[in-house]
**Student:** 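Below are the structure tokens for one structure; questions will follow.
In what follows, chains carry the letters A, B, and so on, assigned in the order in which the sequence lines appear, proteins first and then strands, with residues in each chain numbered from 1.
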2 protein chains.
Amino acid sequence: MTINPYDGFMPESHPAPARFPVAVDVVALTVFDGALKILLITRLIEPFRGRLALPGGFVLPGEDLVTAAGRELAEETGVGQVPGHLEQLGSYGPRGRDPRGDVLTVAHLLLAPNFPVLSAGSDAEHAAWYPAGQVLDGELQLAFDHERILGDALERAKSKLEYSPLGAAFCGDEFTVAQLRAVYEAVWGTRLDPRNFHRKATGTPGFLEDTGRMTTGDAGRPAALFRLAGAARPAAGQPARAVLNPPLMRPRD
Amino acid sequence: MTINPYDGFMPESHPAPARFPVAVDVVALTVFDGALKILLITRLIEPFRGRLALPGGFVLPGEDLVTAAGRELAEETGVGQVPGHLEQLGSYGPRGRDPRGDVLTVAHLLLAPNFPVLSAGSDAEHAAWYPAGQVLDGELQLAFDHERILGDALERAKSKLEYSPLGAAFCGDEFTVAQLRAVYEAVWGTRLDPRNFHRKATGTPGFLEDTGRMTTGDAGRPAALFRLAGAARPAAGQPARAVLNPPLMRPRD
DNA sequence: GGATTTATCGTCACCTTGACAATAACTCGG
DNA sequence: CCGAGTTATTGTCAAGGTGACGATAAATCC
């Protein structure tokens, strides 16, 4: 009699389920210096030693997917807590993506304000922000199928900005309309008319909430500080929030 | 010395990755009799014996996710080939969704024309179409976390109709504007003005293509038959197609 | 043949958007 | 302190899309 905690998976005439290593990867995006940045680590072990890769790792027994994604992020950047909006992107594999064998990976998308990355201290890898454009241009090559995942992540991010308030996830708690616009411009890779953007952002009910405070010290006229309105703020981790309706469409050509 | 084909996953100081059974589930949707239907099987084995569930099963060694989803669909319905648009929905678990232990499941979404289901012949389960509304109303209870998955699938389907041409995936190769409208009405659960829908559907460049043929025999004036335009047709399985721009938004209240 | 049914074309008021003018309110360099 | 420069914000206007709904076309049903 073998000892098998999963005997229950083998009722009459059913084959035992195959078991796969399951990984989580995180496409962490942020915006600063007017450009969209992605968090990448330099692999110090084979395979793809020396190559840049998405932060990630294997799901541990007893972990859920989001838990594992948050843990990997924390381990490889030194942040104490997930600093923005984390959502599942999609699953890849298990075939043909890891030379060591079949691995299923569940990719996640993090939209966060710029947060400091402790590349020192993490034992295994250097983490740093890289311009997303350099990856797409082929200037930077990623390990595994991470370029494909990044491509999907960028498309998801672009479309999220259209119909959800998640652009604000790139900003801090309080931000100006111009800062929010800079996010849209960086993610979409286009320029937006400041006046029309201002009208749409402030005119959409349930999107922005005026804090009553203003910026000071910057060049030019002070700007009003906004925060995400309560209706648009993510409720305790769960549901991606309601809709920007009608959407704020990115220019198509 | 143990025999372990995945030794490569254990470089210095890294723990061996946990391995999970990986399942695929399929939320297959179709529209007929003016209502949105979902394909469900009656479970003949524990757990949840006798309960309705999404068709699905474990990923076999050497399979990819979509492959496995297509195979399960074929096994449990008798169809020879995936009859519509199949895409990944998202992954659930691995914790707390199967009483036998941790199982990761990758849910898929199938949007298909009504196809006949061979409930006889499949050895393990009865498959049949059920009104999606009955599940949401609580009249039908599903096994595992399948109600949650169904909820996510319906939301995805609703939003896909807004900005993608995939509503046509519910229709056959050729269809009338009214048939397409019936799809939208069933999925969204709303009535749409036939005249405005007609204007939008036929007026959107790259969406519909007039076949030149007409319906005959039905009550009322004959309708023109359309097909999905080349630009909107899915190219050889891969990319979900371009955008319905501006979108065809569902009425929000 | 007239009633009914369904498809399709038009009209009109309203709203949103893109382009862009005009001010407002600050910093900066002298 | 002053004008120049910079950024924020408020408007204006025309074009295009949408919702509501009238009118007509072309079949089936009795």
**Student:** Between B/Leu208 (CG) and C/dT8 (C1'), how many Å, whole number?
**Tutor:** 14 Å
**Student:** Verify whether the ring centers belonging to B/Phe175 and B/Phe226 lie closer than 6.0 Å.
**Tutor:** no
**Student:** Does atom CG of A/Asp137 have more than 12 heavy-atom neighbours, drawn from other residues, nucleotides or ligands, at distances under 6.0 Å?
**Tutor:** yes
**Student:** Is there a side-chain polar atom (N or O) of A/His198 under 4.0 Å from OP1 or OP2 of D/dA8?
**Tutor:** no
**Student:** What's the closest nucleotide to the B/Arg199 side chain, out of D/dT18, C/dA7, C/dA22?
**Tutor:** D/dT18
**Student:** Are A/Leu86 and A/Leu109 packed together at the side-chain level, in the sense that at least one heavy-atom pair is separated by less than 4.5 angstrom?
**Tutor:** no
**Student:** Do B/Asn196 side-chain and D/dA20 base share a donor-acceptor contact under 3.5 Å?
**Tutor:** yes
**Student:** Of the candidate nucleotides C/dC20, C/dA7, D/dA8, which contains the atom at the shortest distance from the side chain of B/Arg181?
**Tutor:** C/dA7
**Student:** Return whichever of A/Pro247 or B/Thr202 has its heavy-atom-nearest nucleotide of DNA chain C closer to the 5' end.
**Tutor:** B/Thr202
**Student:** Send over the distance from A/Met249 CE to D/dG17 P, rounded to a whole Å.
**Tutor:** 13 Å
**Student:** Is a donor from one side chain sitting under 3.5 angstrom from an acceptor on the other, for A/Thr30 and A/Asn114?
**Tutor:** no
**Student:** Please state how far atom CD in A/Gln179 lies from atom C1' in D/dA8, giving the value in whole angstrom units.
**Tutor:** 13 Å
**Student:** In whole angstrom, give the distance that lies between atom CG of B/Asp193 and atom P of C/dT6.
**Tutor:** 15 Å
**Student:** Counting side-chain heavy atoms from CB outward, which of C/dT17, C/dT8, D/dT18 is closest to A/Lys200?
**Tutor:** C/dT17
**Student:** Rounded to the nearest Å, what distance is computed from the CG atom of residue B/Leu180 to the P atom of nucleotide C/dT6?
**Tutor:** 18 Å
**Student:** Can you tell me the distance, in whole Å, between the CZ atom of A/Phe175 and the P atom of D/dA8?
**Tutor:** 14 Å
**Student:** Could you tell me how far apart A/Met214 (CE) and D/dT7 (C1') are, to the nearest whole angstrom?
**Tutor:** 11 Å
**Student:** Taking for each residue the nucleotide of DNA chain D bearing the nearest heavy atom, is the 5' side occupied by B/Ala219 or by B/Pro246?
**Tutor:** B/Pro246
**Student:** Should the side chain of B/Arg221 and the base of C/dA7 be counted as holding a donor-acceptor pair, with the cut-off at 3.5 Å?
**Tutor:** yes
**Student:** For the side chain of A/Arg227 and the backbone of A/Glu209, is there at least one donor-acceptor N/O pair under 3.5 Å apart?
**Tutor:** no
**Student:** As a test of reading the structure: which of D/dA27, C/dC9, C/dA25 is closest to the side chain of B/Arg195, going by heavy atoms?
**Tutor:** C/dC9
**Student:** I need the CD-P distance between A/Glu162 and C/dT17, as an integer number of Å.
**Tutor:** 12 Å
